[in-house]
Amino acid sequence: MDPFKIIGGALVLLGFVFRAISLAFFAQRAKSVPDTVRARQKFAASKQRALIIDALFIAAGFYVLLTK
């Protein structure tokens with residue numbers, strides 16, 4: 001097998017695994033976040049950053065798969 005296919009597949013797989021972990025983590029964490037505006041904003045920003053990181057892993061994996 002081509003090493004680039006393995007690396008690309010691993011990146012896509014990691015992206016989906018990280019997304020599943022993020023969803024579970026933030027579902028649990030949402031229960032304990034205080035009801036202050038600042039705490040909710042920080043929680044939402046953290047959730048958004050996790051989504052972006054997960055999407056970047058998946059996009060990088062597909063990029064490697066499609067270009068090599």
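Computed from a predicted structure; not experimentally measured. All values below were derived from every heavy atom in this structure, side-chain atoms included, with hydrogens, water molecules and symmetry-related copies excluded. All residue numbers refer to positions in the sequence shown, counting from 1.
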Sequence neighbours excluded and cut-off under 3.5 Å, please list the side-chain donor-acceptor pairs for residues 38-49, or say none.
from, atom 1, to, atom 2, distance (Å)
R40, NH2, V33, O, 3.4
R40, NH2, D35, OD1, 3.3

Only pairs under 3.5 Å count here: list side-chain donor-acceptor contacts from residues 11-21, not counting sequence neighbours, and write none if there are none.
from, atom 1, to, atom 2, distance (Å)
R19, NH1, D54, OD2, 3.3

Considering only distance and modelled atom types, tabulate donor-acceptor pairs under 3.5 Å from the side chains of residues 24-31, sequence neighbours left out.
from, atom 1, to, atom 2, distance (Å)
Q28, OE1, K31, NZ, 3.1

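Members clustered with L56: I52, by chain and number, using a 4.5 Å side-chain heavy-atom cutoff among hydrophobic residues.
Pairs of residues two or more places apart, or lying in two chains, never qualify as salt bridge (Lys or Arg N to Asp or Glu O under 4.0 Å) while including a residue from residues 1-15.
Both F4 and F57 are assigned to one and the same hydrophobic cluster, defined by single-linkage of ILVMFWY side chains at heavy-atom distances under 4.5 Å.
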